[in-house]
Student: 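Got a structure for you, written out below as structure tokens; questions coming shortly.
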Amino acid sequence: MSKEILLLSGPNLNLLGTRSPEIYGTDTLDEHVARASARALAGGYQLRHLQSNFEGALIEAIHEARERSAAIVMNAGALTHVSWPLNDALATFQGPKVEIHLSNPAAREPFRHLSTLAAVVSGSISGFGPLSYELGVDAAIALLG
Ligand code: DQA
């Protein structure tokens, strides 16, 4: 079995650290990913991370994961609320899939209340701020058994 977990970060998450710090905190994406990588290594997995502002690049990474990754952890950013193509892509991946968010979209504007991914992921982690990426990896490892 593959020992790789794919971590995906969607649009605007490259701006973490300076983007709405009152909502998303001041940690950069690199800092979130570094802690998530440490969690993966502690559990015996290698973390591969891709951030893209392009939906198609995220879809292609999911397709590639079908052949090479044991699990997917994904913060799709605002694509979470609108992307049926991401829903379709994730549905083709057989392993554990964990949706993560730094904030709690259910407690925010109404347009954030729908997740197009919710029906095709194993589960979701939202609202844990600087812990969300690590908890997402922990959840994936737990599901991998
Ligand atoms: C987010 C929540 C989304 O609603 C938002 O569009 C983001 C970040 C989060 O991590 O809290 O870009 O996914």
Side-chain angles (χ1 to χ4, degrees), residues 2 4-43 45-66 68-144:
S2 164
E4 176 182 283
I5 295 173
L6 176 65
L7 173 63
L8 292 173
S9 299
N12 303 306
L13 294 167
N14 53 309
L15 300 180
L16 285 176
T18 56
R19 173 194 178 200
S20 305
E22 69 286 1
I23 297 172
Y24 300 118
T26 53
D27 288 353
T28 64
L29 182 58
D30 282 351
E31 289 167 336
H32 289 285
V33 173
R35 290 195 302 269
S37 291
R39 299 300 305 165
L41 282 176
Y45 288 87
Q46 199 77 37
L47 195 72
R48 189 163 66 94
H49 176 245
L50 171 78
Q51 188 277 329
S52 180
N53 296 315
F54 298 92
E55 185 179 34
L58 298 166
I59 290 168
E60 288 184 348
I62 293 167
H63 293 175
E64 199 186 332
R66 284 157 49 86
R68 62 179 281 180
S69 307
I72 296 176
V73 177
M74 181 164 200
N75 183 356
L79 288 173
T80 304
H81 315 303
V82 295
S83 179
W84 296 108
L86 272 181
N87 166 301
D88 278 353
L90 283 171
T92 73
F93 182 82
Q94 296 302 308
K97 292 161 270 194
V98 184
E99 173 182 349
I100 61 169
H101 301 284
L102 302 174
S103 66
N104 177 4
R108 298 181 62 195
E109 304 96 312
F111 80 88
R112 297 185 201 276
H113 295 180
L114 171 73
S115 167
T116 61
L117 314 183
V120 293
V121 294
S122 314
S124 306
I125 288 172
S126 294
F128 291 91
L131 293 176
S132 287
Y133 272 69
E134 292 171 68
L135 291 174
V137 169
D138 285 345
I141 292 170
L143 291 172
L144 286 165

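All ligand and atom numbering here is 1-based and tracks the order in the structure.
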Student: May I ask you to check if ligand 1 and I100 share an N or O to N or O distance below 3.5 Å?
Tutor: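 Not met; the criterion fails.
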Student: At what distance is the nearest protein heavy atom to atom 9 (C) of ligand 1, and which residue and atom is it?
Tutor: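 Looking at atom 9 (C) of ligand 1, the protein heavy atom closest to it is L102 N, 3.4 Å.
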Student: What protein heavy atom sits nearest atom 1 (C) of ligand 1, and how far away is it?
Tutor: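 Nearest neighbour among protein heavy atoms for atom 1 (C) of ligand 1, to 0.1 Å: H101 ND1, 3.6 Å.
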Student: Do any N or O atoms from the side chain of S52 and from the backbone of A57 form a donor-acceptor pair under 3.5 angstrom?
Tutor: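 Checking the backbone N and O of A57 against the side chain of S52, no donor-acceptor pair under 3.5 Å is found.
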Student: Of the protein's non-hydrogen atoms, which lies at the shortest distance from atom 5 (C) of ligand 1, and what is that distance?
Tutor: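 Minimum-distance protein heavy atom for atom 5 (C) of ligand 1 reads R112 NH1, 3.3 Å.
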Student: Can N53 and Q51 be counted as having a side-chain donor-acceptor contact under 3.5 angstrom?
Tutor: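 Indeed, the side chains of N53 and Q51 share at least one donor-acceptor pair under 3.5 Å.
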Student: For atom 4 (O) of ligand 1, find the nearest protein heavy atom and state the residue, atom name and distance (0.1 Å precision).
Tutor: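 The closest one turns out to be H81 NE2, 2.7 Å.
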Student: Would you say F93 has more than 12 foreign heavy atoms packed within less than 6.0 Å of its CZ?
Tutor: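 Yes, CZ of F93 has more than 12 neighbouring heavy atoms, counting only those of other groups under 6.0 Å.
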Student: Are H113 and ligand 1 in contact, using a heavy-atom cut-off of under 4.0 Å?
Tutor: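 It does not, in that no heavy atom of H113 comes within the 4.0 Å cut-off of ligand 1.
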Student: Heavy-atom distances under 4.0 Å decide this one: backbone, side chain, both or neither, for E99 against ligand 1?
Tutor: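 It is neither part, as no heavy atom is under 4.0 Å.
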Student: Is it true that N75 lies under 4.0 Å from ligand 1, counting heavy atoms only?
Tutor: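 Contact check N75 vs ligand 1: positive.
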Student: Please evaluate residues R35 and E31 with respect to the criterion salt bridge (Lys or Arg N to Asp or Glu O under 4.0 Å), reporting the C-alpha separation (whole Å), side-chain torsions for both, the decisive distance (0.1 Å), and the verdict.
Tutor: CA-CA 6 Å; R35 290 195 302 269; E31 289 167 336; 5.6 Å; no
Student: Check each of G25, S126, S103 against atom 2 (C) of ligand 1 and report the one with the nearest heavy atom.
Tutor: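 Going through G25, S126, S103 one by one, S103 has the nearest heavy atom to atom 2 (C) of ligand 1.
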Student: Counting only N and O atoms by type, is there a donor-acceptor contact under 3.5 Å from the side chain of T116 to the main-chain atoms of S83?
Tutor: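 Confirmed, T116 side chain pairs with S83 backbone.
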Student: Please tell me whether S115 and E99 have a donor and an acceptor in their side chains that are separated by less than 3.5 angstrom.
Tutor: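 Judged by distance alone, the side chains do pair up.
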Student: Relative to the ring of H101, is the ring of H81 parallel (under 30°), tilted (30 to 60°) or perpendicular (over 60°)?
Tutor: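 Aromatic pair H81/H101 classed parallel.
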Student: At a 4.0 Å threshold, what atoms of ligand 1 neighbour a non-hydrogen atom of R19?
Tutor: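 Taking each heavy atom of R19 in turn, ligand 1 has 7 (C), 12 (O) under 4.0 Å.
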